[in-house]
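Encoded as structure tokens, the structure appears first; notes follow it.
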Amino acid sequence: MLTIHAAPLVLPVGAAAVAGGVGGGAVAVAGGSGGGAVAVDGDRIAAIGPYEEVVAAHPAARVRRWPGLLTPGLRQDRARELLTRCYHPDPREADELGELPLWGEAFERIAATMDTARRAGSIRRGLQRMLRHGTTHVVGPFGADEPALRTAVARSGLVQVPGRPGDGPPDLDPFAVSGGDLAATAHGPLTVGGRADLAVFDVADEAALRAGGAVHCVATVLAGRLVHRARCPPLDRPYGTFGPPR
């Protein structure tokens, strides 16, 4: 079924922004006040443009309206470290360990007694949390010497891409490596005929996204499938989705 994802502002990256009017650095596009839209057919992008035009061209499509801005899905450069050098607590461990991923000395203490099942659970939760931050592509490698890790990444649907891991401590927010630069963090531009990997953030414009980071992600679309939808507004905080080393 064809689905239209609509938002007040669409930032395809590499092309003019699509919005209902001038504002937030967007380029005004003919089409009135309906904002921008991306039509998705299966796992491919069928159209990108002003909302009214996309809906008129696909009148039978299901429409999902999102707040804020819609962008390409993000690339997580620290995926390997996030999955192998961090522990993602189970919600049942929140009273003891908190809710944020643990790294450094805290991870080493847990890793010393972590069995295979607990490690697999941490990896699975880490992948889910990446999706909640708009991630659709991950930089490996995830080699043959780690079959459980490789299988978990493959099952998540996240796209593995070559690249150089980012510097600094691992962070679930992909923007932490690029300093909020969307063009440097997006997996690539949104193009008609390209794979439908999208992220939506509940912020007004690109400047607000740079300031607030991927914690404001409210939806992630992976190969045309809605794999994350926020149940409530995100916390109002900038980069730093980790607690301090314990």
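These figures come from a predicted structure and were not determined experimentally.
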4.5 Å side-chain heavy-atom contact, [X] and [Y]:
X      : Y      : value
Glu206 : Phe201 : no
Val38  : Val221 : no
Leu74  : Leu182 : yes
Pro174 : Asp77  : no
Leu83  : Met130 : yes
Leu158 : Leu131 : yes

Handout entry: For Pro67, all residues meeting side chain to side chain contact (heavy atoms under 4.5 Å, CB included), sequence neighbours excluded
Key = Asp202, Val218
Problem - Partner set under side chain to side chain contact (heavy atoms under 4.5 Å, CB included) for Ala196, not counting sequence neighbours - result: Val40, Ile45
Exercise for the section: Not counting sequence neighbours, which residues clear ring-ring contact (aromatic ring centres under 6.0 Å, His included) with His187? List them please. Expected result: His137
Atom pair [atom1]/[atom2] of [X] and [Y] - distance to nearest 0.5 Å:
X      : Y      : atom1 : atom2 : answer
Leu127 : His88  : CG    : NE2   : 8.0 Å
Thr3   : Leu226 : OG1   : CG    : 9.0 Å
Cys86  : Asp171 : SG    : CG    : 9.0 Å

Is there a donor-acceptor contact under 3.5 Å from the side chain of [X] to the main chain of [Y]?
X      : Y      : answer
Arg85  : Glu108 : no
His133 : Gly213 : no
Glu99  : Pro91  : no
Asp197 : Leu222 : no
Glu53  : Ile48  : no
Thr220 : His228 : no
Ser122 : Arg119 : no
Gln160 : Gly140 : no

Can you name the residues that form a side chain to side chain donor-acceptor pair (under 3.5 Å) with [X], not counting sequence neighbours?
X      : answer
Thr185 : Ser178
Arg44  : none
Arg92  : Asp90

Using the salt bridge (Lys or Arg N to Asp or Glu O under 4.0 Å) criterion, which residues pair with [X]? Sequence neighbours excluded.
X      : value
Arg80  : Glu146
Arg118 : Glu93
Arg124 : none

Heavy-atom closest pair, residues [X] and [Y]:
X      : Y      : answer
Asp173 : Ala214 : OD2-N, 3.0 Å
Pro169 : Trp103 : CB-CH2, 3.7 Å
Pro170 : Leu82  : CB-CD2, 3.9 Å
Ala46  : Asp41  : CB-CB, 4.2 Å
Ala204 : Leu69  : C-CD2, 4.4 Å
Ala6   : Tyr51  : CB-CD1, 3.6 Å

Exercise for the section: Can you run down the salt bridge (charged side-chain N to carboxylate O under 4.0 Å, His left out) pairs that involve residues 56-65, sequence neighbours left out, and say none if there aren't any? Expected result: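 Every pair satisfying salt bridge (charged side-chain N to carboxylate O under 4.0 Å, His left out) with a residue in residues 56-65: there are none.
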Completion exercise
Tracing side-chain contacts under 4.5 Å among Ile, Leu, Val, Met, Phe, Trp and Tyr outward from Val139 reaches Val159, Val161
Considering only distance and modelled atom types, tabulate donor-acceptor pairs under 3.5 Å from the side chains of residues 7-14, sequence neighbours left out.
none

